[in-house]
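Working notes, structure below.
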Amino acid sequence: MAVNLSALTAYVDEQKIGLIRKAALGAKTLDFVNIQTGVVGPTAVNLLNTNVVFGDGGACGWDEAGASIVSQRQIVPALLKVNMSFCDKAMAKYFMNYEVNMAAGRANLPFEEAFIGDVVEKTNAKLDDIIWNGVTIGVTKYNGYLDILTAASIAKQATGATVYESVKNVYNAIPAEVLDKAVIFVGIDTYRSLVGELVEKNLYHYDVKVDAALEMYLPGTTTRVVAVPGLN
């Protein structure tokens with residue numbers, strides 16, 4: 001043998017392909033939320049609900065009826081932060097060293113865009129989960145939508161024999177006065193099962209159009225079903 005390579009280890013090219021970020025689902029729920037800015041501590045939301053009662057317009061006298069009900073609900077914000085450090089000297093010990101620049105006045109973070117982009121993406125993914133399920137920081141629990149709605153006896157679990165039956169039960173439970181503005185939220189896993197069931201049922205030859213937005217109209221209604229990662 002002309003060339004003896006027994007003293008070498010098998011070559012692995014660790015530099016040709018950059019960092020590949022793990023996929024994450026963003027905070028889609030925020031697209032349906034009215035953001036209340038300037039809330040840095042417990043803040044009251046002032047609510048008005050008027051009950052109009054008609055009286056007999058053909059009769060004399062004053063018969064007072066109805067009421068304008070003013071109430072409050074308190075917002076308790078969770079003040080969150082992300083603290084992470086990146087040391088280029090530690091990276092120099094591994095395959096990343098070909099991008100480490102330690103020259104005086106020329107320090108830079110290797111793969112800066114990949115690292116920071118991944119932090120932002122994963123933060124958004126966790127934010128959607130926090131919106132629905134809340135978060136515990138230290139010993140303090142900050143409530144999410146499910147906690148708030150359940151405590152107010154608003155959120156009710158509507159189940160059926162199938163996913164489609166469950167979603168229909170939710171639709172039928174929506175008060176008529178808000179039906180034109182209502183949206184049904186489900187987890188992405190539930191949404192996938194719903195689409196599969198509709199295809200199998202072929203209800204009214206309904207064309208289930210599924211796009212990247214993971215939204216659809218419940219067959220025979222004007223109500224959207226939206227998949228959000230926070231409900232997975």
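Quick caveat, the model's predicted, so the values are computed rather than measured. When a residue number appears, it is its place in the shown sequence, counting from 1.
Residue pairs satisfying the ring-ring contact (aromatic ring centres under 6.0 Å, His included) criterion with at least one member in residues 119-140, sequence neighbours excluded, are listed as follows: Trp132-Tyr145, Trp132-Phe185.
No side-chain heavy atom of Met216 sits less than 4.5 Å from a side-chain heavy atom of Val226.
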Report, one line per pair, each donor and acceptor closer than 3.5 Å where one atom sits in a side chain of residues 44-67; sequence neighbours left out.
from, atom 1, to, atom 2, distance (Å)
Asn46, OD1, Gln72, NE2, 2.8
Thr50, OG1, Ser68, OG, 3.4
Asp56, OD1, Gly58, N, 2.9

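To the nearest 0.5 angstrom, Leu198 atom CG is 6.5 Å from Tyr164 atom OH. Considering OG1 of Thr29 and CG of Asn124, their distance stands at 11.5 Å, rounded to 0.5 Å.
Placement of Val199 and Val186 within a single hydrophobic cluster is found when ILVMFWY residues are connected by side-chain heavy-atom separations under 4.5 Å, directly or transitively. Taking hydrophobic clusters as Ile, Leu, Val, Met, Phe, Trp and Tyr residues chained together by side-chain heavy-atom distances below 4.5 Å, Ile75 does not share a cluster with Tyr142.
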Show your working on side chain to side chain contact (heavy atoms under 4.5 Å, CB included) between Leu194 and Val167 and close with a plain yes or no.
CA-CA 8 Å; Leu194 174 63; Val167 174; 4.2 Å; yes

Thr223 and Tyr217: CA distance, side-chain angles, deciding distance, side chain to side chain contact (heavy atoms under 4.5 Å, CB included) verdict:
CA-CA 6 Å; Thr223 300; Tyr217 283 94; 5.8 Å; no

Full working for side chain to side chain contact (heavy atoms under 4.5 Å, CB included) between Thr190 and Ile188
CA-CA 5 Å; Thr190 299; Ile188 294 175; over 6 Å; no

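Members clustered with Leu79: none, using a 4.5 Å side-chain heavy-atom cutoff among hydrophobic residues. Listed by chain and number, the hydrophobic cluster partners of Val139 come to none, as no ILVMFWY side chain reaches under 4.5 Å of it.
Take Thr43 and apply the side chain to side chain contact (heavy atoms under 4.5 Å, CB included) test, not counting sequence neighbours, and it matches Val39. Not counting sequence neighbours, the partners of Glu177 by the side chain to side chain contact (heavy atoms under 4.5 Å, CB included) test are Pro175. Evaluation of the side chain to side chain contact (heavy atoms under 4.5 Å, CB included) rule for Leu30 yields Ala27, Ile35, Leu127, Ile131 as partners, not counting sequence neighbours. Evaluation of the side chain to side chain donor-acceptor pair (under 3.5 Å) rule for Thr162 yields Glu197 as partners, not counting sequence neighbours. Residues passing the side chain to side chain contact (heavy atoms under 4.5 Å, CB included) test with Ile130 are Leu80, Val135, sequence neighbours excluded. Remark: Asn133 engages Asp129 in a side chain to side chain donor-acceptor pair (under 3.5 Å) (not counting sequence neighbours). Residues forming a salt bridge (charged side-chain N to carboxylate O under 4.0 Å, His left out) with Asp147 (at least two apart in sequence, or on another chain): Lys141. Here Arg224 pairs with Glu215 under the salt bridge (charged side-chain N to carboxylate O under 4.0 Å, His left out) rule; sequence neighbours left out.
Across every non-hydrogen atom of Tyr171 and Thr221, the tightest pair is CZ-CG2, 3.5 Å.
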